[in-house]
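Side chains included, hydrogens not; waters and symmetry mates left out as well; all remaining heavy atoms used. Below, chains carry the letters A, B, ... as their sequence lines are ordered, and counting in each starts from 1. Remember, it's a predicted structure, so these values are computed and weren't measured experimentally.
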2 protein chains.
Amino acid sequence: MSDLVARLRRHQWRMTPQRRVIAEMLDGAHVHYTADEILERACEHMPEISRATVYNTLNEMVALGEVAELNFDGRSKRYDPNVDHDHHHLICDGCGTTRDVHTTADPLDGLPGDERHGFTVTEASITFRGRCPDCVDAG
Amino acid sequence: MSDLVARLRRHQWRMTPQRRVIAEMLDGAHVHYTADEILERACEHMPEISRATVYNTLNEMVALGEVAELNFDGRSKRYDPNVDHDHHHLICDGCGTTRDVHTTADPLDGLPGDERHGFTVTEASITFRGRCPDCVDAG
DNA sequence: TCTTTCATTAGACAGAGTCTAAGATAGGAT
DNA sequence: ATCCTATCTTAGACTCTGTCTAATGAAAGA
């Protein structure tokens with residue numbers, strides 16, 4: 001039983017086989033998949049699942065606050081079930097792989113008052129970029 | 001004469017009326033526009049300019065390193081002519097307004113070696129989010 | 001001015017995501 | 001266990017951003 005499934009149940013969210021497959025896939029992953037990757041993998045367990053269901057389900061998980069939506073390449077969104085801890089992201093410029101990382105300092109502390117331009121600033125997230133071990137080796 | 005136009009000339013970049021309109025619009029802006037916003041505004045000065053030209057021109061400016069491409073909402077890219085100073089971005093969750101900000105510390109320093117997972121990390125950018133003065137007042 | 005090379009154009013195309021309307025089903029009520 | 005109804009799923013059309021193509025047009029050096 002996945003922890004994400006348990007968290008979703010607490011919202012009185014109707015559990016269907018399709019939703020369960022998607023939730024368990026997200027929860028077990030240490031990388032963050034795109035909607036299409038999730039569709040592709042879900043099809044291995046449930047060949048008739050539709051694209052609309054995958055998108056609907058992911059959007060509802062985001063609306064419930066149990067999954068975060070990430071966007072780094074301007075193309076496809078990725079989904080991150082780790083909403084509890086505050087963390088940042090490390091992205092490979094070669095293959096797009098995305099993983100969670102933790103920093104030693106809160107980036108909000110680095111933004112002085114006179115750089116806030118009257119905004120009420122509530123959040124800061126860091127995007128680190130580079131090349132993963134596989135892409136470094138591949139040149 | 002816009003500073004961006006001057007910088008682009010130095011690359012032996014053929015200057016056309018279309019490119020000049022786009023460059024001057026970018027350079028004078030206090031906020032960062034999407035390609036469609038740039039197309040719309042360019043049409044006011046040059047009604048026959050095509051969408052392909054706007055996209056080609058923006059992509060070339062990015063390739064020349066004189067304009068940076070930003071993506072925050074996962075929908076449309078925005079273009080930032082301030083590539084000289086290294087800076088970060090502050091975005092209003094209400095209206096999407098995007099502006100440049102400067103931090104006191106380099107965020108790369110906050111990522112310990114054991115959080116790099118074998119990656120060669122070359123870059124770090126911070127996205128600050130909140131509400132701009134107008135959107136705070138509007139509730 | 002002539003020529004070559006590069007830029008512009010309209011419109012077709014592509015990828016990611018949303019919407020719609022019809023049929024199917026989870027889970028409470030009986 | 002069965003029924004009922006709200007809601008979920010589905011296929012496919014649609015939208016929105018952005019890219020590509022092939023023909024026409026224009027910048028800039030000789």
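- Mapping B:Pro17 and B:Ala35 onto DNA chain D via the closest heavy atom, the residue that lands nearer the 5' end is B:Ala35.
- Between the P atom of D:dA26 and the CD atom of B:Gln18 lies a distance of 9 Å, rounded to the nearest Å.
- Checking A:Thr34 against B:Trp13, the closest nucleotide of DNA chain C that is more toward the 5' end is the one next to B:Trp13.
- The closest donor-acceptor contact from the side chain of B:Arg19 to the backbone of B:Arg14 lies under 3.5 Å.
- Residue B:Arg9 contributes atom CZ, which lies 12 Å from atom P of D:dA27 at whole-angstrom precision.
- At distances below 3.5 Å, not a single donor-acceptor pair connects side-chain atoms of A:Asp27 with backbone N or O atoms of A:Ala23.
- Rounded to a whole Å, the OH atom of A:Tyr55 is 17 Å from the P atom of D:dG12.
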Assess whether side chain to side chain contact (heavy atoms under 4.5 Å, CB included) is satisfied between B:Val21 and B:Ile49, documenting all intermediate values. CA-CA 10 Å; B:Val21 165; B:Ile49 194 171; 5.5 Å; no

Under the side chain to side chain contact (heavy atoms under 4.5 Å, CB included) rule, what do A:Thr103 and B:Glu115 come out as? Steps first, then yes or no, please. CA-CA 8 Å; A:Thr103 54; B:Glu115 281 288 328; over 6 Å; no

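- The side chain of B:Lys77 lies closest to D:dT19 when the candidates are D:dA27, D:dT19, D:dC8.
- Put simply, A:Thr16 has a side-chain N or O that comes within less than 4.0 Å of OP1 or OP2 on D:dT9.
- As judged by a 4.0 angstrom heavy-atom cut-off over every strand, A:Arg51 is placed among the base-contacting residues.
- Checked by atom type and distance alone, the side chain of B:Glu37 pairs as donor or acceptor with a backbone atom of B:Thr34 at under 3.5 Å.
- With a heavy-atom cut-off of 4.0 Å to chain A, the contacted part of DNA chain C has its first and last nucleotide at C:dA16 to C:dG27.
- Between A:Arg14 atom CZ and D:dC4 atom C1' there is a gap of 11 Å when expressed in whole angstrom units.
- Taking atom CD1 of A:Ile49 as the reference point, atom C1' of D:dC8 lies 11 Å away to the nearest angstrom.
- In this structure, B:Ser76 and A:Thr53 both approach DNA chain D, and ranking their closest nucleotides by distance from the 5' end singles out A:Thr53.
- Using modelled atom types, no side-chain atom of B:Glu66 and backbone atom of B:Met61 make a donor-acceptor pair closer than 3.5 Å.
- The backbone N or O of B:Val5 lies less than 3.5 Å from no partner atom in the side chain of B:Arg20, so there is not a single donor-acceptor pair.
- What separates CD of A:Glu60 from C1' of D:dC8 is a distance of 9 Å, to the nearest Å.
- The ring-ring contact (aromatic ring centres under 6.0 Å, His included) test applied to B:His89 returns B:His32, B:Phe72, B:His87, not counting sequence neighbours.
- Comparing the start and finish of the helix from C:dT1-D:dA30 to C:dT30-D:dA1, five pairs each, the helix axis swings through 30°, to the nearest 10 degrees.
- The line from OG1 of A:Thr53 to CD of A:Gln18 is 6.0 Å long, rounded to the nearest 0.5 Å.
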